[in-house]
Amino acid sequence: MEVEIDEEAVKAAGAEPLTDGRRGLRIRGWEIESRKLPILNSHELLQWEKKLQTSHFPEMIFGNSCLILRHEATDTVINFNAFDALTGWKEEALPPVEVPAAAKWKFRSKPFQEVILDYDYTFTTPYCGSETIDTEKMSKENTLDGACCLKWEDTVERIDLVGLAAKEPILFYDEVVLYEDELADNGISLLTVKVRVMPSGWFLLLRFWLRVDGVLMRLRDTRMHGIFADLSFPVVLRENCWREDTFDSLAAKGYPVDAAAYGDPSSISQRLPIVMHKTQKLKLRARQ
């Protein structure tokens with residue numbers, strides 16, 4: 001998605017681009033930064049194997065890429081990174097999804113070897129972000145290990161998606177890919193986070209998208225919205241919505257079974273039944 005940024009609108013909103021070569025914006029007490037770096041090299045991958053106690057990883061891990069939202073008055077940091085997402089995958093430890101027969105040979109390390117997958121090769125994660133009170137500069141790994149976590153409260157409030165669709169200048173936009181796997185050319189497993197900043201607030205979408213061709217589709221969305229209206233006691237709303245269905249179930253409803261019809265998760269999300277939905281809010285308070 002290409003977004004044209006109006007520099008005059010940025011100035012009018014009282015925002016400032018980040019300096020020192022960083023990509024992002026400082027506005028209304030928030031510092032919003034995206035980092036987009038290459039995939040992990042072999043040395044970094046070995047370190048991750050030791051930390052996560054696994055040798056199973058997605059084909060492409062952008063382990064040094066992340067999105068960071070820092071509320072300066074409260075030292076609150078909301079961060080999205082691949083390491084914490086894969087930690088969530090390992091902890092959830094879902095049973096393996098059926099491998100399509102046509103793809104089984106691609107999972108073999110030796111010819112005629114029986115395919116036994118004893119792990120979730122789709123890398124499905126329950127991850128919905130990392131948040132903390134951060135008093136030190138984040139580590140180079142972009143993780144927040146050992147930091148004090150904040151408390152999200154359940155709420156009946158909802159993110160106003162209709163209001164967010166209203167015409168408003170976009171002061172900053174970016175999309176960060178955290179990891180991706182093509183499932184041996186038989187689908188897609190993709191974790192991304194997108195953010196946009198407007199004069200009224202910021203909005204982001206963390207999306208895990210899975211399509212195992214002929215078998216299953218799974219969509220796990222986390223939306224967050226921070227409004228600039230109350231600078232003293234800002235509130236962040238978070239909505240989690242998980243959807244999934246099998247190709248067989250979709251076919252029974254009259255939908256196509258060709259995987260080519262399901263390239264864009266946004267266009268087919270309403271076809272997938274909701275399996276989990278919850279809304280929470282985070283109240284920020286200035287440090288004492």
Side-chain angles (χ1 to χ4, degrees), residues 1-3 18 20-25 31-70 77-92 94 119-132 134 137-145 147 172-197 202-212 218-224 263-266:
M1 177 180 175
E2 293 294 330
V3 175
L18 298 183
D20 301 325
R22 295 186 297 157
R23 179 174 174 79
L25 203 66
E31 182 181 281
I32 300 166
E33 179 184 2
S34 61
R35 301 176 188 172
K36 299 166 75 171
L37 296 166
I39 62 173
L40 295 181
N41 59 39
S42 57
H43 175 69
E44 291 171 322
L45 198 56
L46 283 174
Q47 291 181 320
W48 281 42
E49 287 186 8
K50 293 177 182 177
K51 291 179 180 179
L52 289 171
Q53 293 295 298
T54 182
S55 59
H56 303 301
F57 288 106
E59 292 172 332
M60 294 182 287
I61 307 175
F62 297 88
N64 297 305
S65 297
C66 63
L67 174 67
I68 307 165
L69 300 97
R70 184 189 305 270
V77 175
I78 302 173
N79 169 279
F80 300 86
N81 65 84
F83 185 90
D84 290 345
L86 288 172
T87 298
W89 157 75
K90 193 166 186 291
E91 290 175 350
E92 187 175 24
L94 291 176
Y119 70 99
D120 174 21
Y121 70 90
T122 70
F123 301 102
T124 297
T125 178
Y127 183 64
C128 55
S130 310
E131 60 282 332
T132 186
D134 187 27
K137 188 175 180 180
M138 294 176 62
S139 65
K140 293 181 180 180
E141 292 82 7
N142 299 317
T143 62
L144 305 175
D145 294 341
F172 176 71
Y173 172 86
D174 208 355
E175 178 177 9
V176 180
V177 178
L178 298 179
Y179 62 74
E180 182 175 359
D181 194 299
E182 294 185 349
L183 307 179
D185 296 325
N186 229 8
I188 186 71
S189 171
L190 177 66
L191 183 65
T192 63
V193 59
K194 301 178 184 180
V195 63
R196 61 183 166 103
V197 184
W202 55 262
F203 176 70
L204 67 83
L205 169 63
L206 174 73
R207 168 166 284 175
F208 174 78
W209 164 235
L210 171 70
R211 189 190 73 243
V212 183
R218 180 179 288 154
L219 191 62
R220 292 185 172 184
D221 285 346
T222 296
R223 291 175 171 84
M224 288 191 192
D264 179 11
S266 296

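Residues forming a ring pair (Phe, Tyr, Trp, His ring centres under 6.0 Å) with F123 (at least two apart in sequence, or on another chain): W89. With sequence neighbours excluded, the residues forming a side-chain contact (heavy atoms from CB on, under 4.5 Å) with L45 are L40, F57, I61, listed by chain and number. Judged as a ring pair (Phe, Tyr, Trp, His ring centres under 6.0 Å), and not counting sequence neighbours, the contacts of W202 are W30.
Contact of the T87 side chain with the Y127 side chain is not registered, since no non-hydrogen atoms from C-beta on lie closer than 4.5 Å. V195 has its side chain out of reach of V193: every pair of non-hydrogen atoms, C-beta onward, lies at least 4.5 Å apart.
A distance-only check finds no donor-acceptor pair linking the side chain of D20 to the backbone of R22 [under 3.5 Å]. Here the side chain of T132 pairs no donor or acceptor atom with the backbone of V77 at under 3.5 angstrom.
Closest non-hydrogen pair, L183 versus I188, comes out as CD1-N, 3.7 Å. Considering every non-hydrogen atom in both A85 and T125, the closest pair reads O-OG1, 2.7 Å. Across all non-hydrogen atoms, the minimal contact from T122 to F208 is O-CZ, 3.5 Å. L206 approaches C128 most closely through the heavy-atom pair CD2-CA, 3.7 Å. Looking at every heavy atom in both residues, N64 comes nearest to R35 through O-CB, 4.2 Å. Of all heavy-atom pairs between W209 and G263, the closest is NE1-O, 4.3 Å.
Applying salt bridge (Lys or Arg N to Asp or Glu O under 4.0 Å) to D174 and the options R23, R196, K194 leaves one that passes, R23. Here the rule is side chain to side chain contact (heavy atoms under 4.5 Å, CB included) with R207, and of E175, R223, R220 only R223 fits it.
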